[in-house]
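Working notes for the structure below.
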Amino acid sequence: MMSRAERTPLTDWWWTVDRGLLAALFALMVAGLVFLMGGGPPVAERIGLPTFYFLNRQAMYLAPTILLICAVSFLSLRGIRRMALITWACGVALCLVASKFGPEIKGAHRWIQFGSFGLQPSEFVKPAFVVVAAWAFSEGAQRRDMPGGLIAILLLPITIVPLLLQPDFGQTMLITLVWSTLFFVAGLHLVWVAMLGVLGMVGVFAAYTFFHHVRERIERFLDKDSGDSFQVFWSQQSFRSGSWFGTGPGEGVAKRHLPDAHTDFIFSVTGEEFGVIVCLCLVALFAYIVLRGLKLARRTDDVFSRLAITGLTTLFGLQACINMAVNTQLMPAKGMTLPFVSYGGSSLISLALGTGFLVALTRKRPRTVLLSQKPPGTAPATVAGVMR
């Protein structure tokens, strides 16, 4: 057991980190391995890979994932901002490269291939963008000579245009929603909230008009007979078959028909094999992480930390909600993974970066430390002061 009397970086980290948040994140990782035992083997066998190929690779990726979370959580507030800025700039540049030179997968150019390893840059852009946008808002609140609000507004088109070129409407929508949340928390007037809502509807209509795959998915969602409803049928069937207690691990049928049973539709596979009760427990675990993050954001006095924690928590919660909503047919298919549960190397590492930022930001820091990490010449500010 670590003693408070010991003054080492490790003991300081242990006594300042939120252990409840860490425990919930590690519980999600373990749950992901258990559920992937059911969803991974049928997909691997279908494409001619070893039975536990996806499970073994997921377990292999968990080691660097945990190390990255812990390493990032040691960063100071200044270190978090610098790392996020570098990651965001590199990620946006790589998104442009992927849109031009990346391999076409399901009609989109979202990946960069390095031999046998594939990288999806947009996954790393998301958490970095949230921190950079929160930084811009907070600087605008604390420094009169810094146009933080304008910079934060410009960050959005710079980030989403490369995503639309791929095209990746799902990630664009997610980033825009999180940015709108940050804008609101930063003191946005209700008139601007209404205008953002109108612009959002215009954006959805434009995507429906100009992107064929978006129009196809929306029409299929509204009218099941308008196109191929194969995935919709088996996703619904999995929950019907599983009922409250499930058919038992490995006994599911839907996973043998769902093409993405190990990624986008792993929640459906879980519902069939483990039952609705286990799915509700999984939802409760996600809810705990989100509510815990928002509670810690409310407690902090630092404007940047409050905005960044709120944004990262919203990003994590919205991604989980979108995935589960697609699986339960509450919204059209989006191709969004379930955090720490779905298979994916890029997804896991990017989630490690985002949750590492979150764990670092929620650490208990003396007020003197927070003040020492602000730029010289700053004045105390409230979150609402960002938009003044």
Side-chain angles (χ1 to χ4, degrees), residues 17 21 25 64-65 67-96 119-143 146 148-160 162-163 171-172 174-183 185-186 293 296-297 300 302-319 339 346-363 365 369-370 373-375 378 383 386:
V17 78
L21 186 62
L25 291 172
T65 296
L67 286 175
L68 183 59
I69 291 174
C70 294
V72 173
S73 67
F74 274 89
L75 292 175
S76 64
L77 297 183
R78 187 177 289 115
I80 293 169
R81 290 192 286 259
R82 289 175 177 173
M83 185 174 184
L85 181 60
I86 294 170
T87 304
W88 173 78
C90 294
V92 170
L94 288 174
C95 282
L96 288 170
L119 179 71
Q120 190 174 0
S122 61
E123 291 287 348
F124 297 88
V125 168
K126 292 185 297 185
F129 168 79
V130 171
V131 175
V132 173
W135 184 13
F137 279 127
S138 64
E139 287 296 299
Q142 297 172 97
R143 299 177 61 178
M146 175 67 73
L150 178 60
I151 293 173
I153 290 172
L154 293 175
L155 282 172
L156 182 64
I158 293 172
T159 303
I160 66 174
L163 298 179
Q171 301 284 24
T172 300
L174 180 60
I175 286 175
T176 304
L177 286 173
V178 176
W179 179 86
S180 302
T181 301
L182 280 176
F183 212 164
V185 173
L296 293 169
T300 183
D302 181 61
V303 179
F304 164 68
S305 297
R306 187 181 305 172
L307 288 170
I309 294 169
T310 302
L312 290 167
T313 304
T314 303
L315 175 67
F316 185 86
L318 273 178
Q319 182 169 335
S346 290
S347 176
L348 268 183
I349 301 301
S350 68
L351 283 165
L353 180 66
T355 51
F357 285 151
L358 181 61
V359 173
L361 289 162
T362 53
R363 287 178 60 189
R365 288 182 173 88
V369 173
L370 294 175
Q373 296 195 52
K374 290 179 181 178
T378 60
V383 177
V386 175

Within-4.5 Å side-chain heavy-atom neighbours: [X] and [Y]:
| X | Y | answer |
| --- | --- | --- |
| Thr355 | Leu312 | no |
| Leu315 | Trp179 | no |
| Val359 | Leu25 | yes |
| Phe304 | Val131 | yes |
| Leu177 | Thr181 | no |
| Leu156 | Thr176 | yes |
| Arg81 | Leu77 | yes |
| Val178 | Phe129 | no |

On a heavy-atom basis, which atom in [X] and which in [Y] lie closest, and how many Å separate them?
| X | Y | value |
| --- | --- | --- |
| Lys126 | Leu174 | CD-CD2, 3.9 Å |
| Ala308 | Val130 | O-CG1, 4.1 Å |
| Leu307 | Ser138 | CD1-N, 4.0 Å |
| Ser122 | Leu163 | CB-CD2, 3.4 Å |
| Pro339 | Leu351 | CA-CD1, 3.6 Å |
| Ala152 | Ala133 | CB-O, 4.3 Å |

Show, in sequence, the C-alpha distance, side-chain angles and deciding distance for Trp88 and Ile158, and conclude whether the side-chain contact (heavy atoms from CB on, under 4.5 Å) test is met.
CA-CA 11 Å; Trp88 173 78; Ile158 293 172; 3.8 Å; yes

As a test of understanding, state which of Val132, Thr87, Leu353 forms a side chain to side chain contact (heavy atoms under 4.5 Å, CB included) with Pro127.
Leu353

Atom [atom1] of [X] and atom [atom2] of [Y]: how far apart are they, to the nearest 0.5 Å?
| X | Y | atom1 | atom2 | answer |
| --- | --- | --- | --- | --- |
| Ile160 | Leu155 | CD1 | CG | 11.5 Å |
| Gln120 | Ser346 | CD | OG | 6.5 Å |
| Ser73 | Leu75 | OG | CG | 8.0 Å |
| Ile309 | Thr362 | CD1 | OG1 | 5.5 Å |
| Ile349 | Leu68 | CD1 | CG | 6.5 Å |
| Ile80 | Leu85 | CD1 | CG | 13.5 Å |

Please check: side-chain N/O of Thr300 versus main-chain N/O of Leu296, any donor-acceptor pairing under 3.5 Å?
no

